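Computed from a predicted model, the values in this text were never measured in an experiment.
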Amino acid sequence: MAKRDYYEILGVSKGASADEIKKGYRTKAKELHPDRNADNPKAEAQFKEANEAYEVLKDANKKAAYDRYGHAAFENGMGGGGGRPGAGSQGDFASAFSDVFDDLFGDFMGGQRGGGGGRRAARGNDLRYNLRIDLEEAYTGLQKTITVPTAVECDTCHGSGAEGGAEPQTCPTCSGMGKVRAQQGFFTVERTCPTCNGMGQTIKNPCKSCQGQGRVEKEKSLSVNIPAGVETGTRIRLAGEGEAGMRGGPTGDLYIFIEVREHKLFEREGNNLFCRVPVSMTDAALGGDIEVPTIDGGRSRVKIPQGSQSGRQMRLRAKGMPALRGAGAGDMFIELAVETPVNLTGKQKELLREFDKLATDNNPQSTSFFSSVKSFWDSMKG
């Protein structure tokens, strides 16, 4: 059976560049990989056929021989490749497939390859800043200036890490990949390059200001907008305000975590506020109007119904905290705390006794009850 044209197998033209050939192989490898075609018995053979084609066309000498003689170039040892492609060791397949292994699985494996084959500079770390504010500040929102210790781009080398702003050189050991491969039978073992420590670049003359890191430690002042309605645990992200990356790498982010201090008067539950308000015994009994403070610094008038007891709750609508996302506000709940008078004068005591007697006369059932209680305590004292 006649062998198919290698260019046709990879779906490229005869005059295709090395990048186009690699791209064609990458596409075919993704399409025909046996793991993706478990139900297609022909996929494995086609996958090997694509490997064989790429093994030849990626090598300049083999490609030139193939372009001149076709498949005959690899019969009887022609073509400078030491035999026909596809019939050699397992290393032939591993060599071909490893060239695009990172392109196929680099993102899945968490690799950091760049689009041109080089290793991307390491991203800077994200930072966390804890910010404590008062409840009133959480209600109104505020603009806050904070100082954050961080790593910023070196002004001397402009982040390159090289003296005089010179560009770092591609690592000769790993060719800029940041990793080196070792062949072990069918498998290719990959490890961090010992020369560049995974950076993919080396610096001949490191910058003296940053010792070749491309960044220096520094405190940075930032103006932060805290929106109204934040609460403890609210997280605010400032993109690009974290640590600078190594040697020009992308900057991390800054996360501000809000903590709202406890208030001496108000307790917060979501967007609602709760407070206890003292009420005199006479106001609770007779009813009346009182003024209560609100979180916005103002005061609201509240009508107390006659006969109110301690623990009674009253609601002031929309007097709570503003909603962080969306319109509207929570409510404010007032809990009445009826105060018992102390340090009474003789006159006040006399009036209270008279009141008690009148209350007893007007409510015989309560008289019977309280008489029973009094008899019980008298018996206990005896």
task: Please report the closest heavy-atom contact between K14 and K63, naming both atoms and the distance.
output: O-NZ, 4.1 Å

- prompt: Would you say H158's side chain and E153's backbone share a donor-acceptor pair under 3.5 angstrom?
  reply: no

message: Given 3.5 Å as the limit, does a donor-acceptor pair link the side chain of E137 with the main chain of D134, or not?
response: yes

- request: Mind listing the closest non-hydrogen atom pair of C275 and L265 along with its distance?
  value: CB-O, 3.6 Å

Expected output: side-chain D331 to main-chain G320 donor-acceptor under 3.5 Å: no

task: Step through the shown structure and confirm whether more than 12 heavy atoms of other residues, nucleotides or ligands are within 6.0 Å of CD on Q309.
output: no

Salt-bridge contact R123-E243 (side-chain N to carboxylate O under 4.0 Å): no

- prompt: Do V224 and Q143 pass the side chain to side chain contact (heavy atoms under 4.5 Å, CB included) test, and can you show the C-alpha distance, the side-chain angles, and the key distance before you say yes or no?
  reply: CA-CA 6 Å; V224 183; Q143 198 77 19; 6.0 Å; no

Minimum side-chain heavy-atom gap V342-L344 below 4.5 Å: no

task: Classify the angle between the aromatic ring planes of Y54 and Y25 as parallel (below 30°), tilted (30 to 60°) or perpendicular (above 60°).
output: parallel

message: Let me confirm one number: the NZ-CG distance from K357 to L352, rounded to the nearest 0.5 Å.
response: 15.0 Å

query: What is the distance from atom CZ of R268 to atom OH of Y139, rounded to the nearest 0.5 Å?
result: 11.5 Å

- line: Heavy atoms of T294 and R299 approach each other most closely as OG1-N, 3.9 Å

query: Which of parallel (below 30°), tilted (30 to 60°) and perpendicular (above 60°) describes Y66 and Y7?
result: tilted

- prompt: Roughly how far, to the nearest 0.5 Å, is the OG atom of S280 from the CD atom of E339?
  reply: 7.5 Å

- prompt: Hey, does the side chain of E20 reach the backbone of S17 with a donor-acceptor pair shorter than 3.5 angstrom?
  reply: yes

task: Mind running salt bridge (Lys or Arg N to Asp or Glu O under 4.0 Å) on E163 and K204 for me, showing each step along the way?
output: CA-CA 9 Å; E163 184 69 26; K204 186 176 182 180; over 6 Å; no

- prompt: Taking all non-hydrogen atoms of both residues, which atom of D253 and which atom of D126 are closest, and how far apart?
  reply: N-OD1, 2.7 Å

